[in-house]
Amino acid sequence: MAESAVNFLIQYLGPLLVDEAQSLKEVDGEVRELINELESIQSFLRDADARQDTNKGLKTWVKQIKEVAYDIEDVLDEFMLGLAQEQNGSHGFVDFLHRPIKRLKARHQIASLLRDIKTRICKITERKDAYALNGIEQGSSSNNMSDQWYDPRLNVLFIEEAHLVGIDMPRSQLIRWLMNGDSRLSTISVVGMGGLGKTTLVKKVYDSQQVKKRFQTYAWITVSQSFKLEDLLRNMIKQFFKAKKDPSPQGVDAMTHLELIKELRSYLQNKRYVLVLDDVWEAHVWNFVSNALPTGEYGSWVMITTRKGNVASSSNIGPSNHIYNLQPLHPENAWSLFCRKAFQSNEENSCPQELEKLSQSFVKKCQGLPLAIVALGSLLSIKGKTYVEWEMIHRSLGSELESDDNLRRMMKILLLSFNDLPFYLKSCFLYLSIFPEDYPIKRMKLIRLWIAEGFVETKIRRSKEEVAEGYLNELIARNLIQVAKRKLNGNVVTCCIHDLVREMIIPKFREEHFFASSVEENTTPCNRIRRRSIYKDENFPKFDAFSCLRSLFIFGAEGLSNAPAITSFSSLRLLKVVDLENMSMEIFPDDLTSLLHLRYLSLENTKIKKLPSSLGRLKNLETLNIKGTFVCELPVEILKLKCLCHLLVYRYSEDEFDGSTVDGSKVPAGIGSMISLQKLAFIEAESGIIRELGNLTQLRRLGIIKLRVEDGNDLCTSIEKMIHLHSFNVTSMDEEEVLDLHSLSHPPLPLQCLYLRGRLEKLPEWIGSLHNLVRVGLICSRLRDDPLKALQSLPNLVELVLDRAYDGEELRCEGRGYPRLKQLWLIDLSGLKKVRVEKGAMSSLEMLDIRRCEELVEASLWLEHVTNLKELYLFDTSEAFLKGLRKDGAEELVDSIRHIPLIRYTDTQRKVYWDLS
């Protein structure tokens, strides 16, 4: 973490010298010296975070460096704030900068402060040298017995069968793979977060009699984070030879790695063997070990356990290989395991009634993680079985994690994944602690926040959003972040972290002054806290003492007892992130525009109706989120926000049966000058505005409403210049207004989402060339030709909405059409009488929703071909259609659709609801 702070500071200082060279000429030398000094300690800090847990001296040194880095950031942010206020003609803070003599004095003061900070760094470095911390860097370890810990994962090598729960199905699956594999060498990778029981599962497979009888020799190698590749090979040789009761080769301990590889290949050449590589952290381990393993024709296997998805995928070497993503325990199994440990009983009803609610809460917090359930259950087993004692543990679980030996060992295992993170991911991961427990974190919100906080590095030919997306995917692949919801194409919608992982990182961010909620605030000096969250039912604190605060979040604002209290930001002048989502405010707080460092501002779902002209002062703003507000027109001063990348100015009105309509805002002429914009949604179309959009070549998402037919050609010309566009949503002035988009000859190839709302009559030919399309919505199109047939060759389409989109009588899909389509909506197709789906088409379709297609009669004749269908929803369909789903005069469904697990019908007129499945 300290290395992350220093790295961020170096990146911050470099551009500062370039961008503000004239303004900083008096302090230029001091800043350059600081950069040199920070770079000299950066390599030492690269992995110091992992070692500081075992050495208090190193931990203190790292903490001091982090505090100095914070102080440097504070000094420079204060200075840059003064410069910005001077340029804006402000008469607030540091008004002494407004005159040349006082500006010179201020810069001398800044230079003096920077010299003092440099002196502090030198003294801290001297103390490091004086206490021989460099020796620690080179690998010396403490002999303090308290630094040594027993790894409870060793227990799983000897765990009794009767003590296991929820293992039968995955064990059977793995054994089935081992028994029925290909003749060539194959791999099975078991992947999951720490503590899920990967080693336990694989050990029970490895020890099974079926496996021992099938394979001639076998070896179990625990890899872990610290290992020597030659030692792995020596261990493999000894175990393989021992399993066959052969004597180990002479001189094996003195062999080079090439000799070891030759020895292994020679011995295993004509044998069927199984090898387990347990707890693999790096992909190159498999690349190295695989050189020693003959592929042969005997059906040998390698089983790998890992926390990291890239390790599993790198060892996936052939068609018979498998990746098994181990899941948390089912709630019933989790409860059973907890009761066994907490009450030392195998009986299902062993939990006393007065402790059941608390026990269920403990189990829920463990979220199916066996290691956590065992550790927590073991702690509770030695406590008195009284509500008072258990409630106290529940209330103070964070402190128990730091004091109880079993829980501390568990947390150390979970912490291994955090320590293994590269420095650029540690801050990103800690940042998730800002969000409340069990809070679904939106993917794009998290990405924008990471960027605003300065956590995301700049990379050539990649946007910061793309880099941040890579960070998120890496944390997911490492099983540190859990995906809560995905889109149909697999993209993450929301994510979260395990409750106990969140508890694990709370001490980390407390030590780093990284973040504080009301709970942590009492243990951290207010003037050191960088980020502050306010949760539901929590009173607002007094912010006067939070002079160093960079980020402020409000969660569950609708439940805050004194939410209107936050109307002044004058004491929070260094804020970069402000999230006031769901606040009940109706007027934009005036002094928000005095936060000249602000990069991220969310007023989503507030009642604000107007933005002030002073908004133009926020020249560093990158994200402005006013979704769900009543703002219908943006001030002309918004054009001054040249750094703005994400402008979200829409609101939805939902209807249970008609879907949603969207409202947007008017934007001022000159919007084309905001060339940093990547997301612009939704804006009202005007002729001049539409032509200007062609300048916004960095746009990834564009939403337009109230488009007129005469603006169609200009819009097509502008769209052709947006080579990065991923999502395009356009709505005509009204349902009868034609969307003239036929002149678009070179559409953006990256386009994945396309929603057209308005009269088309004929489908634009360019849509068929967009092979990256994932979602398509055609609303009020009134097409004369069959759109189902026209779009069936799109290879990646997973969602299709046809809403008042077709005036014909028949829709047809030919064989092999829509190979990846998962969801299909047919809505208000008033003339539709028949649907024809040939065998082999829509092979992936899982959900079909038919609404108000009152002329549609036939059902079973085409539904029988959609063999993967899991959900069928019917709204206000004809009696004849319903009748076709049932056998004559019976309640039983016809045979052709009995494969559909869920069939539901709603008659909105009569308010009738039937479950036909």
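Computed from a prediction, not measured in an experiment: that's the story for all the values here. Side chains included, hydrogens not; waters and symmetry mates left out as well; all remaining heavy atoms used. When a residue number appears, it is its place in the shown sequence, counting from 1.
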Legend entry - Phe288 and His257 aromatic ring geometry - parallel, tilted or perpendicular at 30°/60° bounds: tilted

Inset, instruction - Enter the distance from Leu326:CG to Ser189:OG here, rounded to the nearest 0.5 Å. - result: 13.0 Å

Legend entry - Separation between SG of Cys428 and OH of Tyr471, rounded to the nearest 0.5 Å: 6.5 Å

Legend entry - CG on Leu472 to CZ on Phe429, rounded to 0.5 Å: 12.0 Å

Inset, instruction - Can you see which heavy atom on Cys495 is nearest to which on Leu446, and at what distance? - result: SG-CD2, 4.2 Å

Legend entry - Sidechain-backbone polar pair: Lys341 side chain, Ala375 backbone, donor-acceptor under 3.5 Å: no

Inset, instruction - Say whether, by atom type as modelled, one donor and one acceptor occur between the side chain of Arg550 and the main chain of Cys548 under 3.5 angstrom. - result: yes

Legend entry - Sub-4.5 Å side-chain heavy-atom contact between His322 and Trp301: yes

Inset, instruction - Determine, for Asp579 against Lys445, whether the closest basic-nitrogen to carboxylate-oxygen distance falls under 4.0 angstrom. - result: yes

Legend entry - Exercise: identify the closest heavy-atom pair between Met193 and Gln482: SD-NE2, 4.1 Å

Inset, instruction - State whether Glu230 and Arg234 are salt-bridged, where the test is any N-O pair (Lys NZ or Arg NE/NH1/NH2 against Asp/Glu carboxylate O) under 4.0 Å. - result: no

Legend entry - Flag side-chain contact, heavy atom, 4.5 Å: Arg486 against Thr494: no

Legend entry - Expected output: side-chain Gln327 to main-chain Asn325 donor-acceptor under 3.5 Å: yes

Inset, instruction - Tell me, with the steps shown, if Asp279 and Trp281 meet side-chain hydrogen bond (donor to acceptor under 3.5 Å, both in side chains). - result: CA-CA 6 Å; Asp279 199 23; Trp281 289 79; 3.0 Å; yes

Inset, instruction - Indicate yes or no: at least one non-hydrogen side-chain atom of Asp278 is less than 4.5 angstrom from one of Val223. - result: no

Inset, instruction - May I ask you to test the Arg443-Val493 pair for a side-chain heavy-atom distance under 4.5 Å? - result: no

Inset, instruction - Look at the aromatic rings of Trp220 and Tyr206 and report parallel, tilted or perpendicular, splitting at 30° and 60°. - result: perpendicular

Legend entry - Worked verdict on Trp286 versus Val280 for side-chain contact (heavy atoms from CB on, under 4.5 Å): CA-CA 9 Å; Trp286 166 250; Val280 180; 6.0 Å; no

Legend entry - Euclidean distance, Ile451 CD1 relative to Glu465 CD, rounded to 0.5 Å: 3.5 Å

Inset, instruction - Decide whether a cation-pi geometry holds between Lys576 and Tyr600; the criteria are a distance under 6.0 Å from NZ or CZ to the six-membered ring centre and an angle within 45° of the ring axis. - result: no

Inset, instruction - Report the distance from atom OG1 of Thr305 to atom CG of Leu196, rounding to the nearest 0.5 Å. - result: 11.5 Å

Inset, instruction - Could you give me the CA-CA distance, side-chain angles and deciding distance for Ser417 and Arg307, then say whether side-chain hydrogen bond (donor to acceptor under 3.5 Å, both in side chains) is met? - result: CA-CA 8 Å; Ser417 294; Arg307 303 184 186 197; 2.5 Å; yes

Legend entry - Side chains of Val190 and Thr199 in contact at under 4.5 Å (non-hydrogen atoms): no

Inset, instruction - Assess whether salt bridge (charged side-chain N to carboxylate O under 4.0 Å, His left out) is satisfied between Glu453 and Arg531, documenting all intermediate values. - result: CA-CA 10 Å; Glu453 295 279 4; Arg531 298 165 187 89; 3.3 Å; yes

Inset, instruction - Name all pairs fulfilling the salt bridge (charged side-chain N to carboxylate O under 4.0 Å, His left out) condition that reach into residues 428-439, sequence neighbours left out, sorted by first residue then second. - result: Lys365-Glu437

Inset, instruction - Side-chain contact test, heavy atoms from C-beta onward, threshold under 4.5 Å: evaluate it for Leu233 versus Ile261 and give yes or no. - result: yes

Inset, instruction - Output, in order, the C-alpha distance, side-chain angles, deciding distance and verdict of salt bridge (charged side-chain N to carboxylate O under 4.0 Å, His left out) for Lys308 and Asp420. - result: CA-CA 11 Å; Lys308 301 168 72 171; Asp420 185 62; 3.1 Å; yes

Legend entry - Contact check, side chains of Leu432 and Arg502, non-hydrogen atoms, under 4.5 Å: no

Legend entry - Close side-chain approach of Met236 to Val289, heavy-atom, < 4.5 Å: yes

Inset, instruction - Measure from the side-chain N and O atoms of Gln239 to the backbone N and O of Ile221, and report whether any donor-acceptor pair falls under 3.5 Å. - result: no

Legend entry - Steps toward side-chain contact (heavy atoms from CB on, under 4.5 Å) verdict (Thr623, Arg599): CA-CA 6 Å; Thr623 294; Arg599 298 179 182 177; over 6 Å; no

Inset, instruction - Of all the heavy-atom pairs spanning Met392 and Ser396, show the shortest one and how long it is. - result: O-OG, 2.7 Å

Legend entry - Minimum heavy-atom distance between Ala452 and Val577, given as atom pair plus value: CB-CG2, 3.9 Å

Inset, instruction - Could you list the residues that satisfy side-chain hydrogen bond (donor to acceptor under 3.5 Å, both in side chains) with Glu282, not counting sequence neighbours? - result: none

Inset, instruction - Applying side-chain hydrogen bond (donor to acceptor under 3.5 Å, both in side chains), run through Gln173 and Tyr324 and close with a yes or a no. - result: CA-CA 9 Å; Gln173 178 63 73; Tyr324 190 91; over 6 Å; no

Legend entry - Euclidean distance, Ser378 OG relative to Ile373 CD1, rounded to 0.5 Å: 11.5 Å

Legend entry - Under 3.5 Å donor-acceptor, Asn235 side chain and Asp231 backbone: no

Legend entry - Minimum-distance pair of heavy atoms, taken over all atoms of Ala468 and Trp450: O-CZ3, 3.6 Å

Inset, instruction - Go through the steps to decide whether Lys442 and Ile447 satisfy the test side-chain contact (heavy atoms from CB on, under 4.5 Å), and finish with yes or no. - result: CA-CA 9 Å; Lys442 296 177 183 177; Ile447 284 173; over 6 Å; no

Inset, instruction - Please name the pair of heavy atoms, one in Cys366 and one in Leu376, separated by the smallest distance, quoted to 0.1 Å. - result: SG-CD2, 3.9 Å

Legend entry - Check: Phe455 ring centre within less than 6.0 Å of Tyr424 ring centre: no

Inset, instruction - If the plane angle is over 60° it's perpendicular, under 30° parallel, otherwise tilted; pick one for Tyr439 and Phe435. - result: parallel

Inset, instruction - Any chance you could lay out the side-chain contact (heavy atoms from CB on, under 4.5 Å) test for Phe418 and Val501, step after step, and finish with the verdict? - result: CA-CA 10 Å; Phe418 175 78; Val501 173; over 6 Å; no

